[in-house]
Participant: 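Here it is, the structure, as structure tokens.
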Amino acid sequence: MPNLSGRTVLITGAASGIGAAAARRLSADGARVVLADLDGAKVEKVAGELGQVAVKADVTRSEDIERMVEEVYRRWGRLDVLFNNAGVIRVQPMFDVTGEEWDRVMNVNLRAAFFVLQAAARRMARQEVMPGSDLRGKLVHTASIAAFRGGNHMMTPYSASKAAVVSLTRSAAQALAPQRITSNCVCPGAVETPMWEQIDREWGALEGAGEGEMWKRRIRGIPLGRPERPEDVANVIAFLAGPDSDYMTGQAVIVDGGMVMGN
Ligand SMILES: NC(=O)c1ccc[n+]([C@@H]2O[C@H](COP(=O)([O-])OP(=O)(O)OC[C@H]3O[C@@H](n4cnc5c(N)ncnc54)[C@H](O)[C@@H]3O)[C@@H](O)[C@H]2O)c1
């Protein structure tokens with residue numbers, strides 16, 4: 001039953017994987033969505049299929065952040081939900097991490113996540129509450145179980161960035177509660193997306209494992225017995241974007257088939 005009728009949503013990293021699945025799910029639930037991504041052609045295609053709006057934007061650039069947020073206000077006059085989801089990764093041993101690589105991952109996953117949430121919340125704080133709610137807006141970020149789980153030494157900057165996203169989620173929740181804006185994050189596990197294809201490739205090359213081998217090893221131990229699909233995350237995003245989660249803020253919601261319990 002659609003429960004997002006009329007809600008306006010901005011999704012970053014919307015051309016692929018989890019972002020695209022969230023765009024599909026929230027559209028089906030009645031939301032109006034701006035899909036933003038670095039990959040202009042791909043985001044246009046996904047948005048076109050959904051009858052929604054595409055914006056080519058690099059979230060590490062302040063002018064692009066302003067432009068994508070402005071697009072939502074120009075069209076609909078308000079932004080109800082930000083899904084702050086764009087992210088990048090690199091699998092490499094800790095001793096091989098260079099300053100450039102550290103900065104690249106941190107710039108997208110952490111610095112941009114902060115400035116996107118800041119830009120969105122600044123505008124949200126000045127708008128009326130959402131129809132049928134006592135909130136002005138909702139922020140939903142994408143962290144990861146890498147924020148909590150050991151064994152991520154092959155993705156040290158990535159894991160650090162995602163732990164910091166959990167921290168950002170909570171700082172924003174406290175800072176913005178008086179404005180009646182909530183901030184929560186989702187922590188996916190091992191999701192079948194192009195990002196995991198990259199992880200499998202890079203990790204496999206380091207371990208001398210064939211294509212698909214690292215993925216097989218990763219999903220073998222999932223208690224619920226199957227890999228995570230982007231739709232598994234999108235279902236929880238629909239909950240965090242909708243009215244049923246209006247009394248939640250500052251939470252890191254793990255959606256991983258049971259890999260991490262009791263963080
Ligand atoms: N796949 C997983 O197993 C997994 C697990 C936990 C968390 N996550 C997180 O979920 C989010 C989505 O990942 P995914 O698996 O769907 O990956 P994906 O690679 O399929 O999609 C990521 C999207 O982000 C976009 N992007 C990258 N840099 C950008 C930038 N500077 N500006 C705008 N867009 C940019 C890419 O173009 C791509 O479309 C990421 O934050 C990722 O860290 C993924």
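None of the values given here were measured: they were computed from a predicted structure. One-based numbering, in listed order, for ligands and for the atoms of each. Note that the numbering runs from 1 along the sequence shown for the chain.
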Participant: Is a salt bridge present between Glu101 and Arg90, judged by a nitrogen-to-oxygen distance below 4.0 Å?
Facilitator: yes
Participant: Should Arg67 and Asp64 count as an ion pair when the cut-off is N to O under 4.0 Å?
Facilitator: yes
Participant: Checking Arg123 now: which residues fulfil side-chain hydrogen bond (donor to acceptor under 3.5 Å, both in side chains) with it, not counting sequence neighbours?
Facilitator: Glu70
Participant: So, are Lys56 and Asp39 salt-bridged, with charged N and O less than 4.0 Å apart?
Facilitator: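 No, Lys56 and Asp39 are not salt-bridged.
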Participant: I need the full list of ring pair (Phe, Tyr, Trp, His ring centres under 6.0 Å) pairs touching residues 159-184, with sequence neighbours left out, sorted by first then second residue.
Facilitator: none
Participant: Hey, which residues fall under 4.0 Å of ligand 1 on heavy atoms?
Facilitator: Gly13, Ala15, Ser16, Gly17, Ile18, Asp37, Leu38, Ala57, Asp58, Val59, Asn85, Ala86, Gly87, Val88, Val108, Thr142, Ala143, Ser144, Tyr158, Lys162, Pro188, Gly189, Ala190, Val191, Thr193, Pro194, Met195, Trp196
Participant: Kindly write out the residues that satisfy side-chain contact (heavy atoms from CB on, under 4.5 Å) with Glu71, not counting sequence neighbours, or none if the list is empty.
Facilitator: Val34, Val53, Val55, Arg74, Arg75
